Amino acid sequence: MKKILILFISLFALLMISVTVYWNLPLEITRKSDIEKGNKIIQNIKSYEKKFDRLPENSDYKTLENLGVQHEDSRVYLDYKTDNKGNFELTYLEGFDGPYLLWNSQEGKWTIDYPKILK
C-alpha cells in the first residue's frame, strides 16, 4: 500500500512539474505553427500595403482570404483588424475569453494579450 501511495504522489508531482515547465516555455515554442502561419500573412499584408498604398479593409473577405486570412476552423481563427492610423493587428481567437496570441503592427512582435484595435 505504501509503494502505491508513493507511486501516485510521484506521478502527480511529475505531472505538476511538466505542466509548470510547459506554461513557462516561450511563445516561439508553444505556438510555433501559429506564429509561422501568422508571419507569412503579415508579409502578405505588408506586400499588399506597398502595392496598393493602403491596408486591406476589415470587411474585404475575398482579399483577406487571398492573403491567407481564412476562417476555416471553428475552434481557433485568425482575426484581422485595422485602425484609421494605418496600423493592423492579427489575433488568434480561441474560445470566449482572452488573452489571445496577437501581433500588432505598432509593437511588431507576437504576444499573449488582449486586442488593442477594437471593432
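Note that the coordinates shown come from a computational prediction; the quantities given were computed from them, not determined experimentally.
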Output the distance between atom [atom1] ([X]) and atom [atom2] ([Y]), rounded to the nearest 0.5 Å.
X: Tyr22; Y: Thr30; atom1: OH; atom2: OG1; result: 5.0 Å
X: Arg31; Y: Trp110; atom1: CZ; atom2: CH2; result: 9.0 Å
X: Lys2; Y: Ile6; atom1: NZ; atom2: CD1; result: 6.0 Å
X: Leu55; Y: Thr63; atom1: CG; atom2: OG1; result: 12.0 Å
X: Glu89; Y: Leu102; atom1: CD; atom2: CG; result: 5.0 Å
X: Ser10; Y: Leu5; atom1: OG; atom2: CG; result: 9.0 Å

Check [X] against [Y] and note the closest heavy-atom contact, atom names and distance.
X: Asn24; Y: Thr20; result: ND2-O, 2.8 Å
X: Leu90; Y: Gly38; result: CD1-O, 3.9 Å
X: Asn58; Y: Leu64; result: O-CD1, 3.5 Å
X: Thr82; Y: Pro56; result: CG2-O, 3.8 Å
X: Lys37; Y: Tyr92; result: CB-OH, 3.8 Å

Mind checking salt bridge (Lys or Arg N to Asp or Glu O under 4.0 Å) for Asp60 and listing every partner two or more places apart, or none if nothing turns up?
none
Test of understanding: with salt bridge (Lys or Arg N to Asp or Glu O under 4.0 Å), list the residues that count as partners of Glu57, not counting sequence neighbours.
none
Any donor-acceptor N or O pair under 3.5 Å, side chains Trp103, Asn39:
no
Side-chain heavy atoms under 4.5 angstrom apart, residues restricted to Ile, Leu, Val, Met, Phe, Trp, Tyr: same cluster for [X] and [Y]?
X: Val19; Y: Phe12; result: no
X: Tyr114; Y: Leu78; result: no
X: Ile45; Y: Phe52; result: yes

Using atom types as modelled and distance alone, determine if a side-chain donor or acceptor of Tyr48 lies under 3.5 Å from a backbone N or O of Leu67.
no
Is the backbone N or O of Asn104 less than 3.5 Å from a side-chain atom of Asn87, with the two atoms forming a donor-acceptor pair by type?
no
Heavy-atom count check: over 12 atoms from other residues, nucleotides or ligands less than 6.0 Å from Lys40 NZ?
no
Exceeds 12 heavy-atom contacts within 6.0 angstrom, atom CD1 of Ile4:
no
Verdict with supporting geometry, Leu101 and Ile35, side chain to side chain contact (heavy atoms under 4.5 Å, CB included)
CA-CA 9 Å; Leu101 176 64; Ile35 290 173; 4.2 Å; yes
Could you give me the CA-CA distance, side-chain angles and deciding distance for Lys116 and Glu107, then say whether side chain to side chain contact (heavy atoms under 4.5 Å, CB included) is met?
CA-CA 11 Å; Lys116 295 169 180 65; Glu107 297 173 1; 3.0 Å; yes
